[in-house]
Amino acid sequence: QVQLVESGGGWVQAGGSLRLSCAASGRTVSSYAMGWFRQAPGKEREVVAALSRNGAGTYYADSVKGRFTISRDNAKNTVYLQMNSLKLEDTAVYYCAAKVVYNSNHVYYTPGGNEYDYWGQGTQVTVSS
């Protein structure tokens, strides 16, 4: 089992940057496929970015492609989401998630993230004009 704790959220002006961190405890993140999701008020949870267990495969939602980058640091047992050129519509609660995959290096990015096994508590990102 793994526990996930997100940090790095906050308030930022449009065009700015934030880096979210997802610190894992209990097991190493290298054992899991990882994903970042977000949920805005009144909207369903959506996938933002996903990363394979070995870090070689990535997925980005069209809305963030070219602006967001997902990465992992196995030595720190942490997964990151670097968010640049933030837009008003990026405002949401951002969640980190982990999926048990054993030896698979597949990238998991179904819209609601129902295939993921563990979730963090979320961190609020607010982008203002």
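Values in this document were obtained by computation on a predicted structure and should not be read as measured data.
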Any salt bridge (charged side-chain N to carboxylate O under 4.0 Å, His left out) pairs touching residues 55-66, not counting sequence neighbours? Asp62-Lys65
So, using side chain to side chain contact (heavy atoms under 4.5 Å, CB included) as the criterion, who are the partners of Val100 when residues are at least two apart? Tyr32, Tyr102, Asp117, Tyr118
Nearest-0.5 Å distance that lies between atom OH in Tyr94 and atom CG in Leu81: 7.5 Å
Hey, could you give me the CZ/CZ distance between Arg53 and Arg72, rounded to the nearest 0.5 Å? 8.5 Å
Taken to the nearest 0.5 Å, the spacing of Tyr60 OH from Ile70 CD1 works out to 6.5 Å
Which residue pairs pass the salt bridge (charged side-chain N to carboxylate O under 4.0 Å, His left out) test with at least one member in residues 90-114, sequence neighbours excluded? Arg38-Asp90, Arg67-Asp90
To which residues is Trp11 joined in a hydrophobic cluster, defined by side-chain heavy-atom contacts under 4.5 Å among Ile, Leu, Val, Met, Phe, Trp and Tyr, whether direct or through other members? none
Nearest-0.5 Å distance that lies between atom OG in Ser17 and atom CZ in Phe68: 9.5 Å
Between Asp73 and Thr78 (side chain of the first, backbone of the second, donor and acceptor by atom type, cut-off under 3.5 Å), is there such a pair? no
Answer yes or no: is there a donor N or O on one side and an acceptor on the other, between the side chain of Gln82 and the main chain of Arg19, under 3.5 Å? no
List, by chain and number, the other hydrophobic cluster members for Tyr95, where Ile, Leu, Val, Met, Phe, Trp and Tyr join if side-chain heavy atoms come within less than 4.5 Å, directly or indirectly. Phe37, Val47, Tyr59, Val93, Val101, Val107, Tyr108, Tyr109, Tyr116, Trp119
According to a 4.5 Å side-chain heavy-atom criterion applied to Ile, Leu, Val, Met, Phe, Trp and Tyr, with indirect links allowed, do Tyr80 and Leu51 form part of one hydrophobic cluster? no
Can you tell me how far CD of Gln13 sits from OG1 of Thr126, rounded to the nearest 0.5 angstrom? 13.0 Å
Counting N and O atoms only, with roles assigned by atom type, does the side chain of Glu6 sit under 3.5 Å from a partner on the main chain of Gln121, one being a donor and the other an acceptor? yes
Nearest heavy atoms of Ala98 and Met34, plus distance in Å: CB-SD, 3.6 Å
In terms of heavy-atom contacts, Leu86 and Leu18 come closest through CD1-N, 3.9 Å
With Ser30, which residues qualify under side-chain hydrogen bond (donor to acceptor under 3.5 Å, both in side chains), at least two apart? Thr28
Is any side-chain heavy atom of Gln124 closer than 4.5 Å to one of Thr91? yes
Short side-chain to backbone donor-acceptor contact, Asn105 and Asn54, under 3.5 Å: yes
Crowding at CD, Glu44 (>12 non-hydrogen neighbours, <6.0 Å): no
Can you check whether Asn114's main-chain N or O pairs, donor with acceptor, with Arg45's side chain at less than 3.5 Å? no
Could you measure the distance from the OG atom of Ser25 to the CD atom of Gln1? Nearest 0.5 Å is fine. 9.5 Å
Which atom names give the shortest non-hydrogen contact between Ala24 and Leu4, and what distance separates them? CB-CD2, 3.9 Å
